[in-house]
Amino acid sequence: MNLIWLETNGCSGNIISFLNSENPSFEFLKQRINITFSNSEMYPFGTKAMDAFFDTIEKGDYILVVEGAISTKDNGKYNIIGYYNDRYISALEAVKTASENAKYIISAGTCSCFGGISASYPNISDSKALSDVIPYKKIIKMPGCPVSGNWMASLLLNLVEGNEIQLDPIGRPIYLYGNTIHDFCERRTFFERNIFAKKVGDVGCYLKIGCVGPSTKAPCPYTRWNGYIKWPIGVNSPCIGCSSKDFPNYTLFKEDEV
Amino acid sequence: MEIILSPVTRISGFLTIIAEVENNIVIDAKCKGTMFRGFEKLLVGKHSLDAVYLTQRICGICSSAHSIASSRALEDCSSIEIDYNSKIIRNIIHGFDILQNHIRQFYLFSIPDFVNIEAENFKSRIPRDLEIKISDNYVKSLYYSTLAHQGLSIFGGKAPHNHGIVFGGVTTKLNQYEYSKAVEIADELLSFCQTMLEDYFIIEKYYDEYFNIGDSGGNYLSFGLFDDTPKFCICRKGVLINQKYNELNLSEIKEYEVFDEISFIKAPRYLNLPMEVGPLARYSIKNGWVKSSTLNRIKYRVYETKSVAENVKEMLKEVSINKNSTSKEVLDGTGTGITDTIRGALYHNVEIQNKKINHYNIITPSAFNLSPTYNGIKGPLEKALIGTYIEDTSNPIEIIRTVHSFDPCVSCATHLVSKDGVLLNENHFMHR
Ligand code: SF4
């Protein structure tokens, strides 16, 4: 199956994270999925890259992955993705066009899912979540800042194998986002015993210094991150809720309230 | 004729190059970064300590560098000196990120400009058997760059956008289980650097005219890489102007706004000169001036990969087991944090009021390298493209080779400009 990985207004960290995936790895998935357009990874450049983009759309039946938020200010002028037929194509126009014929649409990362940091106040570029720009389309939401490459790779493998993916009411795969960080956190016993850390790096539960694990849904505690060794709470720092809807519009490092 | 290359692929972010070509020679070039978020504005009002995590989101391929520059800015503001162990751990995190980037940049981004990896994209000069060898290593490089982020993650919790680096030091307490994993990862990466060098020399052999293509002007600048742990210093702070070494004087950096319909890259200048930054600049400042060229940029990136891998391996021996140090006593005031990183010199400046960010300014390496023409003087990449001979104007791969040699990152390059410490009002952007 063909895949378009469209980067929009963001840090392009979700494609880097995806390149980091293991079992299934990026190389493994490439045997099943043909990435026809990716600003970070494709060989063709300029017009030929844009040809590949529009050809894939014309053929239909592809997976569209969008990372970053969509800048809507001045008709999308704050984020141009390429030049085609004598004019500049904005990310706004590109996602609208590319979502037309897509078999699956995936929002990769919190910016694409909910606006994230790219759309945070004062949002000079008027950036929006993908779902706000193409409101009537079904979108699989894969939040995270960035989304772990392993979660993306697992989703893509399940999709090409035709497995049904159950989604929660806001579009996240339940098998990945069904539980909160707090549900399986390795510091849960500290929480139960009322042992709270006073600053990052210390022993204890991080609830009082800003941990939003109880309200954040993501599988970090058991999938962990790169190489399955560590994850944020595993290196003695709080969960900052990077996969949540309102990230980062709250204080991450809270003062100890005890 | 005008050639519009948009998008320039195999980079991070959105870059457009507009080249004016006459008789197959580039006579003028313009560099445009076509995305904008306005990080300096969105940081205002945030809790001071949040800057370390938030600024990482500027860039998905060099996030750890922003965490270092921003924690340094906050520490400068509060006059805090971090302990040696924190410095070492930060440099290990940064080191693994550099390895991740350089391996990825060389194989995934640059190599396909010279070697036919998958399809018959262009007429290659490299014999087929060597191309097959390099193509095999291209696939292996995916594993090694992933492995480098695993190494980072042992200390940083996750990559991109690590959690380990915070104000006052690092959160990470390394235990011996994790230590043993990191040791092998560093060792594996170092052995892959040898492969990378061999592959580089093949390219050098068949494309040696690129030693004479891509001259940025050859003025170099560095903010120092690992210079806070002198044993492992890759490069000290410094400037090379007209091949002569000068001490770095931060007050000589000025940045200018350049009006453009779609581009948001600002123009930083040192003594009003455009400066090239990155591995070649670092090598030159450390070892004496080397000519600015497309191949030299690639060459010294590959050389540097090996030096960084060697240093990371040695730095691991100096980590104290089970020790960390952090702080939350951030004071009001102003502070500056600088470091050299993957693509060159990175500058963060912060003003804190009532524990909140009142003002933030960022100058990135790619802003130096990709900076637009200001006052009639071309930015380094623009200048480097002028004079390039293009064989087939419908496929100007020669331009792309030089662009990639700078390892551009536009997510980093597009920022607001500060004028006398005052951020330009966003109204300014409204009438674009
Ligand atoms: S550290 Fe956070 S997620 Fe873990 S137990 Fe405490 S509150 Fe819950």
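Atom set for the values below is all heavy atoms of this structure, side chains included, hydrogens, waters and symmetry mates excluded. Throughout, protein chains are lettered first and strands after them, A, B, ... in sequence-line order, and every chain is numbered starting at 1.
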Is there side-chain contact between [X] and [Y], with heavy atoms separated by less than 4.5 Å?
{"X": "L252(A)", "Y": "K46(B)", "result": "no"}
{"X": "E22(A)", "Y": "Q150(B)", "result": "yes"}
{"X": "I16(A)", "Y": "H149(B)", "result": "yes"}
{"X": "R37(B)", "Y": "Y78(A)", "result": "no"}

- Message: Can you tell me which portion of I3(B) sits under 4.5 Å from chain A's heavy atoms? Options are side chain, backbone, both or neither.
- Response: neither

Which region of [X], side chain (C-beta onward) or backbone (N, CA, C, O), has a non-hydrogen atom less than 4.5 Å from a non-hydrogen atom of chain B, or is it both or neither?
{"X": "I229(A)", "value": "side chain"}
{"X": "F247(A)", "value": "side chain"}
{"X": "C220(A)", "value": "neither"}
{"X": "N14(A)", "value": "neither"}
{"X": "Y88(A)", "value": "side chain"}
{"X": "T8(A)", "value": "backbone"}

- Message: Let's test your reading of the structure: which of G13(A), G46(A), S25(A), G68(A) forms the most heavy-atom pairs below 4.5 Å with chain B?
- Response: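 Looking at each option in turn, the highest pair count goes to G46(A).
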
For [X] and [Y], which heavy atoms make the closest approach, and how far apart are they?
{"X": "N39(A)", "Y": "I11(B)", "answer": "ND2-O, 3.8 Å"}
{"X": "F264(B)", "Y": "K77(A)", "answer": "CE1-O, 4.4 Å"}
{"X": "P112(B)", "Y": "Y43(A)", "answer": "O-CE1, 3.1 Å"}
{"X": "M50(A)", "Y": "P7(B)", "answer": "SD-CD, 3.7 Å"}
{"X": "T171(B)", "Y": "V235(A)", "answer": "OG1-O, 2.6 Å"}
{"X": "S12(B)", "Y": "S12(A)", "answer": "OG-CB, 3.7 Å"}

- In chain order, what residues pass the side-chain contact (heavy atoms from CB on, under 4.5 Å) check against Y121(A), with sequence neighbours excluded? none

For [Y], is there any backbone N or O sitting under 3.5 Å from a side-chain donor or acceptor partner on [X]?
{"X": "K173(B)", "Y": "N236(A)", "answer": "no"}
{"X": "T326(B)", "Y": "V200(A)", "answer": "yes"}
{"X": "K158(B)", "Y": "C145(A)", "answer": "yes"}

